[in-house]
Peer 1: 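Structure provided below as structure tokens; questions to follow.
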2 protein chains.
Amino acid sequence: MAGIDTNSPIPKYYQLKEIIRGMIESEELQEGQLIPSERELCERYGISRMTARQAIMELVNEGVLYREQGKGTFVAGKKVQQEAARLTSFTEDMRERGMAVSSTVLEMEVEPAGPVVARFLRVDEGERIIRLKRLRNADGEPMALETSHLLYDVARGTLEVDMSKSSLYEELRRGGVSISHAEQSYEAALVGEADAEVLGVAPGSPALLIERVTFDAKGRAFEYVRSVYRGDRYRITSVLRV
Amino acid sequence: MAGIDTNSPIPKYYQLKEIIRGMIESEELQEGQLIPSERELCERYGISRMTARQAIMELVNEGVLYREQGKGTFVAGKKVQQEAARLTSFTEDMRERGMAVSSTVLEMEVEPAGPVVARFLRVDEGERIIRLKRLRNADGEPMALETSHLLYDVARGTLEVDMSKSSLYEELRRGGVSISHAEQSYEAALVGEADAEVLGVAPGSPALLIERVTFDAKGRAFEYVRSVYRGDRYRITSVLRV
DNA sequence: CATGTATAATGGTCTAGACCGGGTAGAGGA
DNA sequence: TCCTCTACCCGGTCTAGACCATTATACATG
């Protein structure tokens, strides 16, 4: 089992979070199963209890674990049943579907905002924007073509990160962005010729076109994403309430 | 200003949470305003920093506050009121979009459940089902082709109703069905030849395929609907939260 | 005037303990 | 056999510090 690197710039609690997440994904820990207690994690990884606690509490907040006083901490069931559509990144979405994520960065540029992007992000035309176009693969096969437009000030930290390996949202969170909510739209469309080749489907194949504007805790729109999902591989499910 | 009661069984961090919440509600602290720093709260209320931190972090998780390293902690803006996707009928959906609804009943039959319908409705194959196929128009033009499969016992009252004029959900509610929630999936597809003619589009046009299983308050699945929406006319928007 | 630079403040992470109340399983007694 | 009590483990709360990175500001230097 991987340990915790004290000299790493990555916080210990974060390392522990990833370790626990890994154990759940590898099914070393299964749904409903008791995970090691806080005190046992402290001892095993040589960290203090408050640090172990922070890792666990964040996973509880994310719905990955749940706790019962006096009993212990358990792996939560898949929460597909529970909630209506949640705001997730592609990485998180695929992880919940149990698929392996990989990405290819096709374009990453700093450029002035055009009229469409400026309107969605509520900034002036010409404002500096990072445009990140990625091919997103699930289980090794193309799933979506995603073009994000990000406020330069918010996302400039990601320019030095290899976005083919990182989750944009995780990077942004690490960079101090507090992601709050998004307005998203879904539309059926056909795959165009250029996109078809990249996605590995025939032109005119069905596609789900998803547009999203994401807001931070201050209510500022910091991201406009336009994604083309392969209709033959992607389907959205959600629970609706009256 | 109220203080913190050390002898109270209510945890200190929780008392502080309520104090801060109160200051926001009384507008002593306003949107976007800096709140006292962790260290200042410690001193003012005679608690340790980790305790003050817990109060603040929970309010951050709840979206009441947001933090910026090196700057401070601020009061977040009021949350967007708009809701995530609600469970609505076609009639309600179009009414909210400000479009006029009309329908044509194409088929309405009582028939035994086939394997697919039986699985979705969690009944045995051969169980009596009402199948209702309608063309749904918005502002006089075809919008969707909708095929509902309903448990006979639940929906037999609708057999005597002119479903080209009535809302299915309103009729069911009138018949005593308490609609609770639904599991819905969205998928991109192409319009087939038969459907194309009815929908008034070319075969191979983009379509949004929506499947829904609707449950009543007892948790019984009573409806399975499969709808084909015209991709050129229909788009779904919703607000997602973290 | 522009440009660094020291300083102080903030939140972020972390430690090594402490006591509390809830839950459970085993020991001992009826 | 069955019940009760107790010891132990669990998470929940809390302390009093520590060092770090980020940020703003005031000041000194070119």
Side-chain angles (χ1 to χ4, degrees), chain A residues 3-18 20 32-61 64-76 153-157 160 170-178 216-218, chain B residues 3-20 29 32-61 64-76:
Chain A
I4 284 184
D5 181 0
T6 304
N7 298 320
S8 165
I10 299 168
K12 292 181 181 177
Y13 81 89
Y14 193 85
Q15 294 184 48
L16 180 56
K17 264 180 82 172
E18 290 305 309
I20 294 172
Q33 195 179 325
L34 190 66
I35 76 164
S37 74
E38 295 177 352
R39 288 165 179 89
E40 194 179 330
L41 290 169
C42 302
E43 203 172 322
R44 189 188 298 180
Y45 294 106
I47 58 180
S48 85
R49 192 173 156 216
M50 290 299 282
T51 304
R53 200 173 160 72
Q54 184 175 358
I56 293 174
M57 286 310 292
E58 292 200 2
L59 289 170
V60 169
N61 279 332
V64 177
L65 304 174
Y66 64 91
R67 326 192 77 176
E68 289 185 26
Q69 189 173 146
K71 289 188 182 175
T73 304
F74 305 84
V75 179
D153 287 342
V154 171
R156 62 178 178 279
E160 289 127 35
E170 277 172 23
E171 283 304 323
L172 290 173
R173 286 199 186 98
R174 292 192 57 74
V177 180
S178 164
D216 67 10
K218 279 180 276 187
Chain B
I4 283 184
D5 180 0
T6 305
N7 298 318
S8 164
I10 300 168
K12 292 181 181 178
Y13 80 90
Y14 193 85
Q15 294 184 47
L16 179 55
K17 265 180 82 172
E18 290 306 309
I19 289 172
I20 295 173
L29 291 173
Q33 195 179 325
L34 190 65
I35 76 163
S37 74
E38 295 177 353
R39 288 167 179 86
E40 195 179 331
L41 290 169
C42 300
E43 202 173 324
R44 189 186 301 181
Y45 294 105
I47 57 180
S48 85
R49 191 174 157 215
M50 290 299 281
T51 303
R53 201 173 159 72
Q54 184 175 359
I56 294 172
M57 286 310 292
E58 292 200 2
L59 289 170
V60 169
N61 280 332
V64 177
L65 305 174
Y66 64 90
R67 325 192 77 175
E68 289 185 28
Q69 189 173 152
K71 290 188 182 172
T73 305
F74 305 84
V75 180

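Note on naming: letters A, B, ... go to the chains in the order of the sequence lines (proteins, then strands), and numbering restarts at 1 for each one.
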Peer 1: Please list, pair by pair, any protein nitrogen or oxygen found under 3.5 Å from a nitrogen or oxygen in nucleotides 4-7 of chain C.
Peer 2:
none

Peer 1: B:Glu18: which residues meet the side-chain contact (heavy atoms from CB on, under 4.5 Å) condition with it, sequence neighbours left out?
Peer 2: B:Tyr14, B:Arg21
Peer 1: Rounded at 0.5 Å granularity, tell me how far CD1 in B:Ile47 sits from NZ in B:Lys12.
Peer 2: 7.5 Å
Peer 1: One character per nucleotide, please: for nucleotides 12-18 of chain C, 5' to 3', B when the base has a protein heavy atom closer than 4.0 Å, S when only the sugar-phosphate does, - otherwise.
Peer 2: BBBBB-B
Peer 1: Got a sec, which residues hit ring pair (Phe, Tyr, Trp, His ring centres under 6.0 Å) with B:Phe74, two or more places apart in sequence or on another chain?
Peer 2: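 B:Phe74 satisfies ring pair (Phe, Tyr, Trp, His ring centres under 6.0 Å) with B:Tyr66 once adjacent residues are dropped.
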Peer 1: Take the protein atom NZ of B:Lys71 and the nucleotide atom P of C:dG11, then report the distance between them rounded to whole Å.
Peer 2: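 Taking NZ of B:Lys71 and P of C:dG11, I get 13 Å after rounding.
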Peer 1: In whole angstrom, give the distance that lies between atom CG of A:Leu65 and atom P of D:dC10.
Peer 2: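 The distance from CG of A:Leu65 to P of D:dC10 comes to 16 Å, rounded to the nearest Å.
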Peer 1: Quick one: list whatever passes side-chain hydrogen bond (donor to acceptor under 3.5 Å, both in side chains) with A:Gln15, sequence neighbours left out.
Peer 2: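 Checked A:Gln15 against side-chain hydrogen bond (donor to acceptor under 3.5 Å, both in side chains); zero matches.
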Peer 1: Take the protein atom CG of B:Leu41 and the nucleotide atom C1' of C:dT10, then report the distance between them rounded to whole Å.
Peer 2: 12 Å
Peer 1: Applying salt bridge (Lys or Arg N to Asp or Glu O under 4.0 Å), name anything that partners A:Glu68, two or more places apart in sequence or on another chain.
Peer 2: A:Lys71
Peer 1: Nearest heavy atom decides the nucleotide; on that basis, is B:Ile56 or A:Gly70 closer to the 5' end of DNA chain C?
Peer 2: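 Mapping each residue to its closest nucleotide by heavy atoms, the 5'-most match is B:Ile56.
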Peer 1: Considering residues at least two apart in sequence or located in another chain, which fulfil the side-chain contact (heavy atoms from CB on, under 4.5 Å) criterion with B:Gln33?
Peer 2: B:Leu29, B:Gln30
Peer 1: Check salt bridge (Lys or Arg N to Asp or Glu O under 4.0 Å) between A:Arg39 and all other residues, then give those that pass, not counting sequence neighbours.
Peer 2: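 For A:Arg39 there are no salt bridge (Lys or Arg N to Asp or Glu O under 4.0 Å) partners, ignoring immediate neighbours.
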Peer 1: Sequence neighbours excluded, which residues qualify as side-chain contact (heavy atoms from CB on, under 4.5 Å) partners of A:Ser178?
Peer 2: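 Once residues adjacent in sequence are excluded, the partners of A:Ser178 under the side-chain contact (heavy atoms from CB on, under 4.5 Å) criterion are A:Ala217.
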